[in-house]
Amino acid sequence: METVKFDELQLDERILRAVTEMGFEAASPIQAQAIPVQLEGRDVVGQAQTGTGKTAAFGIPLLQKIDPHSKKLQAIALCPTRELAIQVAEEIRKLAKFMHGIKVLPIYGGQDITRQIRGLKEGTQIVIGTPGRVMDHMRRKTIRCDHIHTVIMDEADEMLNMGFLEDMETILSQLPEERQTVMFSATMPAEIQNIAKRFQREPVTVKVVKKELTVPKVTQYYYEVKPKTKVEAMCRLLDMYAPSLSIAFCNTKRQVDELVQDLQGRGYFAEGLHGDLKQMQRDRVMNSFRSGTTEILVATDVAARGIDVDNVEAVFNYDIPQDDEYYVHRIGRTGRAGKEGIAFSFVVGREVYKLRDIQRYCKTKIIPQAIPSLDDITAIKAEKIMEQVMDLIRDTDLTKMVALIEQTVLTEEECTSLDVAAALLKLSMGEENEDIIESSRPARSLDDLDRYGRDSGGRGKGGRSGRDGRGSRYGRDGREDREDMARLFVNIGKNQNIRPGDVLGAVAGESGISGKLVGSIDMYDNYTFVEVPREYAGAVLKAMKDVKIKGKNVHVEKANGKGR
Ligand code: AMP
């Protein structure tokens with residue numbers, strides 16, 4: 001695992017400053033490969049998934065080519081969704097923070113077009129857009145192509161999945177011949193290879209070549225979390241498992257500092273390790289960790305290299321690593337010297353796909369789990385205190401204390417010695433926090449993500465069907481999302497000429513429950529989710545065995561996780 005620093009990549013000094021400010025310690029593997037090739041002006045096919053640092057991989061060399069003095073449109077990046085377009089625009093803006101006069105504009109369907117036109121007229125050099133809206137502007141001539149020298153297709157396979165193939169071809173065929181064409185895609189289906197063949201000139205393919213790695217025997221769990229609740233989730237796991245030494249990995253120096261602050265603020269013995277520390281500080285942190293004074297070492301991948309500590313009991317992937325290989329290195333920090341180790345990974349939103357790829361590549365099992373609830377933590381804390389209490393009872397003379405309690409119980413009328421014990425337990429457990437993690441359901445199984453494709457519900461509510469990126473939700477009678485409803489998966493959908501009414505009819509008709517009790521029905525191209533009262537779920541599943549809907553055999557099963 002060789003580290004390439006950004007200052008080895010011959011980058012504009014202003015970009016280097018931005019990268020430092022963003023807290024990046026080193027180039028990610030895909031960046032180390034893609035940036036030099038793209039800087040040479042070559043066409044690139046980059047095979048990389050979200051979370052690998054791909055946006056900066058194409059964004060940095062792109063910025064280096066933009067002439068801020070010209071107010072003409074010079075580059076277009078195409079993205080499959082508005083969310084991604086916004087995200088990419090934000091990342092490029094951050095990278096361009098110290099380059100004055102560069103304007104980046106995201107444009108996508110659903111947003112007021114006149115506002116976009118105004119933005120385009122104000123001298124935008126880089127447009128990040130979804131194909132449909134970009135074509136619309138090209139037709140209106142509010143996007144002029146004559147000065148475009150770079151085009152980027154981000155998540156090309158996703159654009160294909162969403163039915164944008166023709167739009168991509170139309171856009172590419174209208175751009176100037178003299179241009180650089182860069183394509184990033186997680187997978188390389190035939191249609192995407194064909195686009196590369198037709199629209200690129202001798203493209204260089206960059207991908208991270210995977211080595212055969214031995215995955216250490218470490219129990220691996222993962223949790224789906226929201227950014228806001230990550231720290232809380234980590235603290236609960238620390239409380240629950242109480243590892244004596246653990247390492248938490250973050251992707252940026254900034255995140256290391258933030259996490260250390262958060263953990264220290266909550267009373268944990270945590271210290272950070274990253275490239276900005278002087279050797280003396282590093283030594284101090286490492287000595288403190290080795291001696292056990294520091295219980296949690298928070299580090300970047302680069303800084304953690306070469307650390308040789310044997311008795312690390314847990315590894316936290318606070319950020320999902322940018323490269324599969326890092327994952328293996330990280331979790332290998334625990335479970336050494338014949339001891340058992342445990343690894344916890346947190347995923348936010350689409351990072352779950354990155355983790356799925358990691359699981360696939362490492363041929364390992366990363367088990368979905370629910371974040372321990374506050375009740376779980378309370379029970380664990382109480383158990384620990386009670387253990388100490390029992391030790392005290394066994395090993396010390398408590399005569400004086402017994403006398404004091406006796407006195408209290410005798411003088412206070414409505415108070416038993418049990419009440420006193422309970423109150424003392426509460427006191428020693430400290431304040432109870434407000435529960436900010438609303439759902440403690442287990443994360444989805446990474447295998448199930450494969451089964452129904454990428455779109456089986458990973459992006460907020462619902463997967464997608466067709467180009468609008470949404471399934472159809474038939475909310476019924478305000479029943480949606482109630483905790484007392486169970487979500488069932490039915491393996492047919494719109495493409496089989498099924499309507500929500502058909503599913504409703506079948507569920508009610510076969511199980512005998514009233515149609516009014518059936519909750520929302522989310523119908524996608526090839527499958528449908530239907531909510532039924534939890535107490536009837538078993539009966540409905542039983543009744544729906546061997547049932548046909550509109551003459552088609554269907555299979556119904558319990559949907560798992562939030563999306564399914
Ligand atoms: P992407 O794969 O482009 O979606 O990037 C995923 C995340 O990694 C984004 O939050 C980036 O800001 C971040 N990132 C990109 N490059 C690096 C790097 N070299 N070091 C640390 N984080 C990075």
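Everything quoted here is computed from the prediction, not taken from an experiment. Start at 1 and go down the list; that is how both ligands and their atoms are numbered.
- Here atom 23 (C) of ligand 1 lies nearest to Gln322 when heavy atoms of Gln322, Glu90, Lys54 are compared.
- Distances below 4.0 Å separate heavy atoms of Phe6 from the following atoms of ligand 1: 19 (N).
- For atom 21 (C) of ligand 1, the nearest non-hydrogen atom of the protein is Asn251 O, 3.2 Å.
- Residue-ligand proximity: Ala57 is placed with every non-hydrogen atom at 4.0 Å or more from ligand 1.
- Between Thr52 and ligand 1, at least one pair of N/O atoms sits closer than 3.5 Å.
- Which parts of ligand 1 touch Ser28 is read off a 4.0 Å heavy-atom cut-off, strictly below it: atoms 19 (N).
- The pair Lys94-Glu21 fails the salt-bridge criterion, with no side-chain N (NZ, NE, NH1 or NH2) lying under 4.0 Å from an Asp/Glu carboxylate O.
- The cationic group of Lys230 lies under 6.0 Å from the six-membered ring centre of Tyr318 and within 45° of the ring axis, placing it in a cation-pi geometry.
- By the 4.0 Å N-to-carboxylate-O rule, Glu25 lies too far from Lys5 to be salt-bridged with it.
- Checking each of Thr181, Val37, Val182 against Arg42 for a side chain to side chain contact (heavy atoms under 4.5 Å, CB included) leaves exactly one that passes, namely Val37.
- At the shortest separation from atom 19 (N) of ligand 1 among protein heavy atoms lies Ala26 O, 2.8 Å.
- Across the listed options Glu351, Gln31, Gln87, Gln31 owns the non-hydrogen atom lying nearest to atom 16 (N) of ligand 1.
- Using a 4.0 Å cut-off between charged side-chain N and carboxylate O, Asp447 and Lys365 make a salt bridge.
- For atom 3 (O) of ligand 1, the closest non-hydrogen atom of the protein is Thr55 OG1, 2.5 Å.
- Side-chain contact of Arg133 with Gln116: a donor-acceptor pair under 3.5 Å is present, judged by distance alone.
- Of all atoms in ligand 1, numbered sequentially from 1 with element shown, those under 4.0 Å from a heavy atom of Thr252 are 21 (C), 22 (N).
- Looking from atom 6 (C) of ligand 1 to the surrounding protein, the closest heavy atom is Gly51 CA, 3.8 Å.
- Interface atoms of ligand 1 facing Gly53, defined by a heavy-atom separation under 4.0 Å, are 1 (P), 2 (O), 3 (O), 5 (O), 15 (C), 16 (N).
- The closest non-hydrogen atom to atom 10 (O) of ligand 1, taken over Glu155, Glu91, Gln255, Lys253, comes from Glu91.
- Atom CD of Gln200 and atom CD of Gln193 lie 11.5 Å apart (nearest 0.5 Å).
- Side chains of Lys253 and Thr300: a donor-acceptor N/O pair is absent below 3.5 angstrom, by distance only.
- Not close to ligand 1: Lys94, with no non-hydrogen atom less than 4.0 angstrom away.
- Gln220 and Thr364 share a donor-acceptor pair across their side chains, judged by distance under 3.5 Å alone.
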